Student: 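Can you keep this structure in mind? I'll have questions shortly.
Since the structure is predicted, the reported quantities are computational estimates derived from the model, not experimental observations. Proteins get letters first, then strands, A, B, ... in listed order; numbering begins at 1 in each.
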Number of protein chains: 2
Amino acid sequence: METLNAAELLAALGHESRLSIFRLLVEAGTEGLFASAIGEKLGLPAPTLSFHLSHLTRVGLIRGQKESRFIRYAAEYATMDELIAFLTSNCCQGEACLPKTSACDTIAKRRKLGDSPSSCGKEPS
Amino acid sequence: METLNAAELLAALGHESRLSIFRLLVEAGTEGLFASAIGEKLGLPAPTLSFHLSHLTRVGLIRGQKESRFIRYAAEYATMDELIAFLTSNCCQGEACLPKTSACDTIAKRRKLGDSPSSCGKEPS
DNA sequence: TCCATAGTTCAAGTATTATAGAAATATCAA
DNA sequence: TTGATATTTCTATAATACTTGAACTATGGA
């Protein structure tokens, strides 16, 4: 992932309404939620909701599928995964910088964990 | 972490220059970098750099310490860690949604891994 | 003291983004 | 076909954020 793309994803999540929408969908799992259900939960006017849903869709953080008159939206976990991998790649130079995340050394992880074992998540030696 | 606070952090990172600054500092480790070194690497005019550094500082993603005429900036890993924990909390309902991150079920992790073992990171059963 | 350097703050212009009413589109149900 | 519902698009307005030259502050060196 490139910096510009990552910045677009982060900017998309950097708005309270959009972040709320995304968190709802992350918690909803692969089944997702209908747009109308999201709007009710967050109390957003339809045009405002639509604006934010299309923003999140455009950057690839969520995906919508039409079902008769409704649209079912779901989180794109893979996009979030890549974003977090980008944020934490080459982090902290081997220190245990992210105890809650255990996401250090994600470049090595991306390479199927074959090489260069990470010391992240352990106490610094 | 609350949604509003998380959105502020994400918005701070949702700008190409600020994300570049933050990534530089994440890679630099606890030693950090002087402001002038960041400016040189990114080719930003001093007022623009200062604007973004103070934004990142204000939300708590970086921290600056004066050393004679210079200011040494470093990433606040704990803030990023909490942000990622927020983004991934209660995610994916037990599916392996974040293979690169292995950051699922961070609420349980936050509670010192004592209770409710997570199925995240494994294949869905 | 005087000058150079590191960094910030000020000020003004420019650009982008968010909001939500009104109108439009699409689908279903009667 | 008519009406109701779900959602989007259009439009205008309002608000916010970014950029950078110029001026300022603080520090250290000559």
Student: How close or far is atom P of dT8(C) from atom CZ of F70(B), stated in whole angstroms?
Tutor: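 Spelled out: CZ on F70(B) to P on dT8(C) is 13 Å.
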Student: Please check this pair: side chain of T88(B) against backbone of I84(B), looking for a donor-acceptor N/O pair closer than 3.5 Å.
Tutor: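 Side chain of T88(B) to backbone of I84(B), a donor-acceptor pair under 3.5 Å: yes, one is there.
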Student: Quick one: are L19(B) and F86(A) in side-chain contact, heavy atoms under 4.5 Å?
Tutor: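 Counting from C-beta outward, L19(B) and F86(A) do come under 4.5 Å.
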Student: Tell me what A35(B) touches on the nucleic acid: a base, only sugar-phosphate, or nothing, going by heavy atoms under 4.0 Å.
Tutor: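 The residue A35(B) makes sugar-phosphate contact but no base contact.
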Student: Can you identify which nucleotide, out of dT8(C), dT27(C), dT7(D), has its nearest atom closest to the L53(B) side chain?
Tutor: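 Nucleotide nearest to L53(B)'s side chain: dT8(C).
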Student: State whether the side chain of Y77(B) and the backbone N or O of V26(B) hold a donor-acceptor pair below 3.5 Å, judged by distance alone.
Tutor: yes
Student: Could you state the CD-P distance from E67(B) to dG28(D), rounded to the nearest angstrom?
Tutor: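 In whole Å, dG28(D) P lies 11 Å from E67(B) CD.
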Student: To the nearest angstrom, how far is E40(B) atom CD from dT5(C) atom P?
Tutor: 13 Å
Student: Just by protein heavy atoms under 4.0 Å, how would nucleotides 10-21 of chain C read 5' to 3' in B, S and -?
Tutor: --------SBBB
Student: Counting side-chain heavy atoms from CB outward, which of dT8(C), dT7(D), dT27(C) is closest to K66(A)?
Tutor: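 Side chain of K66(A) sits closest to dT27(C).
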Student: Identify each donor-acceptor pair in which a side-chain atom of residues 55-66 of chain A lies under 3.5 Å from a protein atom, sequence neighbours left out, and give them as a table.
Tutor:
| from | atom 1 | to | atom 2 | distance (Å) |
| --- | --- | --- | --- | --- |
| H55(A) | ND1 | R18(A) | NH1 | 3.2 |
| T57(A) | OG1 | L53(A) | O | 2.7 |
| R63(A) | NE | E76(A) | OE2 | 2.9 |

Student: Taking atom C1' of dA26(C) as reference, at what distance in whole Å does atom CZ of R69(A) sit?
Tutor: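 Going from R69(A) (CZ) to dA26(C) (C1'), I get 10 Å.
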Student: Find the distance L49(B):CG to dT9(C):P and express it as a whole number of Å.
Tutor: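 It is 13 Å, rounded to the nearest whole Å.
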Student: Figure out the OH/C1' separation between Y73(A) and dT7(D), and round it to whole Å.
Tutor: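 Computing the Y73(A):OH to dT7(D):C1' distance gives 8 Å.
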Student: Taking C-beta and beyond as the side chain, do L98(B) and C91(B) meet within less than 4.5 Å on heavy atoms?
Tutor: yes
Student: Give S50(B) one of three labels, base, sugar-phosphate or nothing, depending on what nucleic acid heavy atoms sit under 4.0 Å from its own.
Tutor: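 Result for S50(B) = base.
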Student: Can you identify which nucleotide, out of dG7(C), dA6(D), dT7(D), has its nearest atom closest to the F34(A) side chain?
Tutor: dT7(D)
Student: Looking only at the side chain of S36(A) (C-beta and beyond, no hydrogens), which of the listed nucleotides dA6(C), dT7(D), dT27(D) gets closest?
Tutor: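 Closest nucleotide among those given: dT7(D).
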Student: Can you check whether L49(A) reaches L42(A) side chain to side chain, under 4.5 Å on heavy atoms?
Tutor: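 No - every pair of side-chain heavy atoms lies 4.5 Å or more apart.
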Student: Tell me, do T3(B) and R23(A) make a side-chain contact under 4.5 Å, heavy atoms counted?
Tutor: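 They are not in contact (no side-chain heavy atoms under 4.5 Å apart), so the answer is no.
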Student: Without decimals, in angstroms, what is the distance between L42(B) CG and dT19(D) C1'?
Tutor: 16 Å
Student: Write down the distance between CD (Q65(B)) and P (dG7(C)), rounded to a whole number of angstrom.
Tutor: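 For the pair Q65(B) CD and dG7(C) P, the rounded distance is 14 Å.
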